[in-house]
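What follows is one structure encoded as structure tokens, with my remarks underneath.
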There are 2 protein chains.
Amino acid sequence: MELQEKLHNKGLRLTYPRREVVAILNAAASPLTPQSIYQRSVERKSDIGLVSVYRTLELLSELDLVRRVHGHDGCHGYVLASPGHHHHLVCRKCGKAVEFSGSADLSDFIAKIQKETSYKIDEHILQLYGICPKCQKERH
Amino acid sequence: MELQEKLHNKGLRLTYPRREVVAILNAAASPLTPQSIYQRSVERKSDIGLVSVYRTLELLSELDLVRRVHGHDGCHGYVLASPGHHHHLVCRKCGKAVEFSGSADLSDFIAKIQKETSYKIDEHILQLYGICPKCQKERH
DNA sequence: TTCCTTATTGAAAATTATTTTCAATAAGGA
DNA sequence: TCCTTATTGAAAATAATTTTCAATAAGGAA
């Protein structure tokens, strides 16, 4: 598996808390904050420390196995990253997030801005917000 | 002025702390956190409370006179908003931010994602990171 | 398998960020 | 100038994150 390898390459260990955080993120439909990951670990009775959640998220970010997703209100959560550069589209109602790629479609645009500003652009965040199909039906 | 009016329309008052926050943001080249705004107000000896900085930023956000800019590391700052929807390009070295518009160029792309996902997309964050011309020269 | 090294953990404390409370102040219309 | 009430700032309360450190456990070596 990805995680196993990446850890191994750096002399790091595949531990219980790390497995748990990955499992929890894997089961989640929407971005989770450190707090809510911890919450779920309590529910699952896996009882890992909140501190380890923070540390694991930091580690997984470095390994590029997890991505930070910005909430529209400013707080942010984490989702498991599929390989490659991706963006997220988050439902403003239920929080459900879907990934989409699309750096390709963006690159012309970015090249243009780069030319205009003379900045050397090497990273970006693109995040979309809206209402998911399910929540669109549930209007009342 | 914009601010004056917008406040007036809501029966709100143009106070010293509000002026100061706007003035400080106006003089800044990069996004400022509440803390750093407070810092600068101390330097300026304007002595407004940190609490007021928070409250003012919240207010100015509602009035759409200020925008939140996401730092790549996760923390976020605020910049004065020029009218209309804008995005920011932030230097990863010195923090200097420039605004660019470009919702137009994005709209086709967004329409495509909307079709693919069946989400109803109504908002987005796009933020670019790079190195500004000045920092590009100062390599050592 | 067992042993050993050392990365990792979790609890608590420390730090930092943000929000709430509330009496005192001041903006700005009358 | 007066009066109403939005606003302020200090302190306390709350929440989020990081650091410290002794105890634990991963996983390679014997």
Side-chain angles (χ1 to χ4, degrees), chain A residues 1-24 31-63 65-66 68-78, chain B residues 1-24 31-63 65-66 68-78:
Chain A
M1 198 211 176
E2 275 283 21
L3 173 60
Q4 178 88 266
E5 283 177 46
K6 290 204 176 183
L7 288 175
H8 196 271
N9 293 342
K10 302 210 167 190
L12 302 176
R13 296 168 183 177
L14 181 51
T15 63
Y16 181 62
R18 287 172 185 169
R19 277 182 221 273
E20 277 296 303
V21 169
V22 171
I24 289 168
L32 300 181
T33 61
Q35 316 287 335
S36 61
I37 291 171
Y38 175 69
Q39 202 73 53
R40 294 191 187 199
S41 93
V42 172
E43 286 163 15
R44 274 160 156 266
K45 303 201 197 315
S46 47
D47 251 328
I48 60 181
L50 177 57
V51 196
S52 292
V53 174
Y54 276 101
R55 284 190 285 226
T56 299
L57 289 174
E58 191 186 348
L59 178 66
L60 294 176
S61 286
E62 277 166 25
L63 299 179
L65 290 170
V66 128
R68 191 197 293 274
V69 175
H70 295 266
H72 201 256
D73 50 346
C75 72
H76 46 256
Y78 295 82
Chain B
M1 196 208 178
E2 275 284 22
L3 174 59
Q4 177 88 265
E5 283 176 49
K6 289 202 176 182
L7 288 174
H8 196 270
N9 293 342
K10 302 208 164 189
L12 303 176
R13 295 170 185 177
L14 181 52
T15 63
Y16 180 61
R18 287 173 185 168
R19 277 181 221 272
E20 276 297 302
V21 169
V22 171
I24 289 168
L32 301 180
T33 62
Q35 317 286 335
S36 61
I37 291 171
Y38 175 68
Q39 203 71 54
R40 295 192 184 199
S41 93
V42 172
E43 286 163 14
R44 274 161 156 263
K45 305 199 196 318
S46 49
D47 251 329
I48 60 181
L50 177 57
V51 197
S52 291
V53 174
Y54 275 101
R55 285 190 284 224
T56 299
L57 289 173
E58 192 185 348
L59 177 65
L60 293 176
S61 286
E62 278 166 23
L63 299 180
L65 289 170
V66 130
R68 191 196 294 272
V69 175
H70 296 266
H72 201 256
D73 51 344
C75 72
H76 47 252
Y78 295 81

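Just so we're on the same page: letters track the sequence lines, and every chain starts at 1. We use all heavy atoms of the structure for the numbers below, so side chains are in, but hydrogens, waters and symmetry mates are not.
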Open item on the list: On DNA chain D, does the nearest nucleotide to B:L14 precede the nearest nucleotide to B:V51 from the 5' side, or the other way round? Give the residue.
Closed with: B:L14

Task: Under 4.0 angstrom between A:R18 side-chain N/O and C:dT8 OP1 or OP2 - done: yes

TODO: Using modelled atom types only, decide if a donor and an acceptor are shared between the side chain of A:S36 and the backbone of A:L32 within a distance under 3.5 Å.
DONE: no

- [ ] Tell me the partner of C:dA7, counting only Watson-Crick (N1-N3 plus N6-O4 or O6-N4) or G-U wobble (N1-O2 and O6-N3) with both under 3.5 Å; none if nothing fits.
- [x] D:dT24

Open item on the list: If we ignore hydrogens and angles and just use 3.5 Å, is the side chain of A:R68 paired with the main-chain N or O of A:S61 as donor and acceptor?
Closed with: no

Open item on the list: Given D:dT17, C:dA17, D:dT8, identify the nucleotide with an atom nearest to the side chain of B:Y54.
Closed with: C:dA17

- [ ] Would you mind reading off the distance between A:R68 atom CZ and D:dA16 atom C1', rounded to a whole angstrom?
- [x] 13 Å

Task: Nearest-nucleotide comparison on DNA chain C, the residue closer to the 5′ end among A:T56 and B:L50 - done: A:T56

Open item on the list: From CD1 of B:I48 over to P of C:dT25, roughly how many Å is that when rounded to an integer?
Closed with: 19 Å

Task: Heavy-atom check, side chain of A:L59 versus side chain of A:L7, under 4.5 Å - done: yes

Open item on the list: Need the pair for C:dA14. Rule: Watson-Crick or G-U wobble, both distances under 3.5 Å, any strand; none if unpaired.
Closed with: D:dT17

Open item on the list: Could you tell me the Watson-Crick or G-U partner of C:dA30, where both distances fall under 3.5 Å? Say none if there is no partner.
Closed with: D:dT1

Open item on the list: Can a donor-acceptor pair be found, under 3.5 Å and without considering hydrogens, that links the side chain of B:S46 to the backbone of B:S41?
Closed with: yes

Task: A:E20 CD to C:dG10 C1', straight-line distance once rounded to whole Å - done: 15 Å

Task: Spacing between B:R55 atom CZ and C:dT21 atom P, to the nearest angstrom - done: 12 Å

Open item on the list: Whole angstroms only, please: what is the CG-P distance between B:L63 and D:dA6?
Closed with: 16 Å

Task: Integer-rounded Å distance: C:dG28 P and B:H8 NE2 - done: 8 Å

Task: Gap between atoms CD1 and P, on A:I37 and C:dG10 respectively (whole Å) - done: 14 Å

TODO: Check whether the side chain of B:R13 and the base of C:dG29 form a donor-acceptor pair under 3.5 Å.
DONE: no

Task: Atom pair distance, as rounded to whole Å: NZ in A:K10 and C1' in C:dT8 - done: 16 Å

Task: Test item: A:T56 side-chain N/O and A:R18 main-chain N/O as donor-acceptor pair under 3.5 Å - done: no

Open item on the list: OP1 or OP2 of C:dT9 versus the side-chain N and O atoms of A:T15: is any pair under 4.0 Å?
Closed with: yes

Task: Of A:G49 and B:L12, the one whose closest DNA chain C nucleotide lies more 5' - done: A:G49

Open item on the list: With a cut-off of less than 4.0 Å, is there a side-chain N or O of B:Q35 near OP1 or OP2 of C:dA17?
Closed with: yes

